[in-house]
Amino acid sequence: MSEEASELIKKRYEKLQKLRQHSIDPYPNRFFKTHDIKRIKEAFFPQQGLVVGHVKTAGRVVSHRPMGKAVFFVIQDEADKIQIYASNETLNEIDFLVLQNLDLGDIVGVEGETFRTRTQEPSIRAHKLTLLAKNLSPLPVVKEKEGVLYDALSDVEFRYRKRYVDLIVTPKTRHDFKLRSSVVQAIRQFMQEEGFMEVETPMMQLVASGAAAKPFITHHNALDMDLYLRIAPELYLKRLIVGGFEKVFELNRNFRNEGISTKHNPEFTMMEAYQAYADYETMMDLTQRLFVFVADKVLGTQKITYGEHIIDLTPPWPRKNYLDLLHEYSGIDFKQKLQEKLSLEEAKELARKLQVPHHEAQTIWEVLDEVFSHLVEPKLIQPVFVQNYPKAMSPLAKSIPGDEFLVERFEPYIAGREMGNAFTELNDPEEQLRRFEEQLRQREQGARETMELDEDFIEALKVGMPPTGGLGLGIDRMVMLFTNNHSIKDVILFPLLRPRESKK
RNA sequence: GAGAAGCUAGCUCAGUCGGUAGAGCAACUGCCUUUUAAGCAGUGGGUCCCGGGUUCGAUUCCCGGGCUUCUCACCA
């Protein structure tokens, strides 16, 4: 950066030099505050009036208005901002030099009295000004009046690549990631209060199973073997149910080597929970209560504004059968067609008539899935449990007793988006083996995504797993819902981007 | 992986029907000691994403590449 430094940056380095020549350390070792800004506002600035008091606080200069030998500037800390007033009359000679060389983006410590300006703006009259870190890489200049931003940082790429800058200049970014943290915290609290134990299972696995997705491969040098980054924690969590823990959950990252989109990041956060002596209906109830708990906790309401919609999380959420929804939105009774032994060709013909693209579908189930995602999913705005899915797409779920095609599985849908996946867990090891083998057969027939056979998991089931309900929730998507964001990159602090040729 | 759009000053954006570019903010200089998207006057700042082609001349037209965004595909 330095040899290509722009004029702006050169100026900053010159100021740095000037300060050092006057024995001012632009990067002192420490500075301790008596108050953070929010507390100053609370303690010294009642609605009307003022409590005069002495404070010592710090923050980043986010606005800078010199006026003669006086300067009004605003400092921002993690939670709030306050205006500082300083001049040659309030500061000593050395601190005034700091003031004269102050730039947007500098981090400063301030000591002084609280007061209100003529326009009643809460302010601090600085008697001491300490430079704590010089800004050498000028920030985008974003101005703000009554909550409206002017020249807001709108270069999306810049915001993702330089998230630390985005966090400084874009209040919504700060807000959304604080809210994300609160969501995660609320989920943990809810699960713990429900009696679930948080566990950590391997992220590096010998067999990447538990979901149908392409894994990332990594390598262990000492053992000289390839490992997969997990695509799901599912099979390990169920091993713990076998081991005798009755309520477990894990809240952490999964890795899937798939395309990147507004709804997909290669690493994403899931919460998976398993409860022994329970079934998928138990998990529906848990899901509903969890969403309500989190919404109350972080938003204080069960009605969420998302884009054009007001989404009402108030339970109970309706439950609709997968095949009934297909019937409802396509006009075709697939349940009947299945009983009449519908062929793949006939299924594709039906999809053609419905104008649903299906060219890559290799099985009847994949055709149905295409129809579902094109005709049904976008309509599922208010919370709904879609239940009783085709067996062929759900190799880890228990069959509905007496039903040839369907399993006890549901997916909660909100805002046209799948928020999770849950089922009554298959615990019959022989059946599980057959299902894995069926996956292999489907793959040989050309199915795009199938699940890997995990032999040790079969061994675990042979030891005996009680009847169990399991649930997975996509945390990123949940946060998108709660923060009214439409791109997953806006709820991931550092989304994966291709590297860029230096510069910027 | 496919299609569409975008890439011009530190930021937000104009613009050039082909003659090497502008505004606002920011920076710098001067004035201004209760301003707040502060104000007034002046100054400086650009490999117009990269490479090639056409052309007397390309930031502009053509071809190739890069990166991003959006949509679709795969998936959650």
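Below, chains carry the letters A, B, ... as their sequence lines are ordered, and counting in each starts from 1.
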Among [options], which nucleotide sits nearest the side chain of [X]?
X        : options             : answer
A/Glu7   : B/G45, B/U34, B/U35 : B/G45
A/Ser261 : B/U34, B/A73, B/U33 : B/A73
A/Lys143 : B/A73, B/A37, B/A76 : B/A37
A/Arg161 : B/U68, B/C13, B/C11 : B/U68
A/Ile488 : B/A76, B/C11, B/U69 : B/A76
A/His374 : B/U34, B/A73, B/C11 : B/A73
A/Lys69  : B/U33, B/G10, B/C67 : B/U33
A/Thr262 : B/U71, B/C74, B/U68 : B/U71
A/Leu8   : B/A38, B/A76, B/G10 : B/G10
A/Val141 : B/U35, B/C67, B/G10 : B/G10

Under 4.0 angstrom between [X] side-chain N/O and [N] OP1 or OP2:
X        : N     : result
A/Arg65  : B/U35 : no
A/Lys15  : B/C28 : yes
A/Arg118 : B/U35 : yes
A/Lys263 : B/C74 : no
A/His64  : B/C25 : no
A/Arg256 : B/A76 : yes
A/Ser154 : B/U12 : yes

Quiz item: Salt bridge or not for A/Lys11 and A/Glu7, using N-O below 4.0 Å?
Solution: yes

Quiz item: Charged N to carboxylate O under 4.0 angstrom, A/Asp80 versus A/Lys38?
Solution: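 A/Lys38 and A/Asp80: not salt-bridged.
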
So what does [X] hit on the nucleic acid, given a heavy-atom distance under 4.0 Å: a base, only sugar-phosphate, or nothing?
X        : result
A/Gly259 : base
A/Asn257 : nothing
A/Glu144 : sugar-phosphate
A/Asn88  : base
A/Glu146 : nothing
A/Lys81  : nothing
A/Tyr160 : sugar-phosphate

Quiz prompt | For the student: nearest non-hydrogen atoms of A/Asn388 and A/Glu408, plus distance | solution = OD1-CA, 4.3 Å

Quiz item: Considering only heavy atoms from C-beta outward, does the side chain of A/Glu452 approach that of A/Arg443 to under 4.5 Å?
Solution: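 Side chain of A/Glu452 against side chain of A/Arg443, heavy atoms only: contact under 4.5 Å found.
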
Write down the partner of [N] under the Watson-Crick or G-U wobble criteria, each distance required to be under 3.5 Å.
N     : value
B/U33 : none
B/C13 : B/G22
B/G3  : B/C70

Self-check item: First of A/Tyr150 and A/Arg125 reached from the 5' end of RNA chain B, by closest nucleotide
Solution: A/Arg125

Quiz prompt | First of A/Asp103 and A/Tyr85 reached from the 5' end of RNA chain B, by closest nucleotide | solution =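 Looking at the nearest nucleotide for each, A/Asp103 comes out on the 5' side.
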
Quiz item: Expressed in angstrom and rounded to an integer, what is the separation of A/Leu149 atom CG from B/C25 atom P?
Solution: 18 Å

Quiz item: Does A/Phe72 stack onto the base of B/A38, taking stacking as ring centres under 5.5 Å apart and planes under 30° apart?
Solution: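 Here the ring of A/Phe72 and the base of B/A38 are not stacked, as the 5.5 Å and 30° limits are not both satisfied.
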
Quiz prompt | A/Tyr389 six-ring face occupied by A/Arg409 cation (under 6.0 Å, within 45°) | solution =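 Output yes; distance and angle both within limits.
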
Quiz prompt | Flag if over 12 foreign heavy atoms under 6.0 Å of OH, A/Tyr306 | solution = yes

Exercise. Fit a plane to each ring of A/Phe410 and A/Tyr280, take the angle between them on a 0 to 90° scale, and name the class: parallel (under 30°), tilted (30 to 60°) or perpendicular (over 60°).
Key: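 Ring orientation of A/Phe410 relative to A/Tyr280: tilted.
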
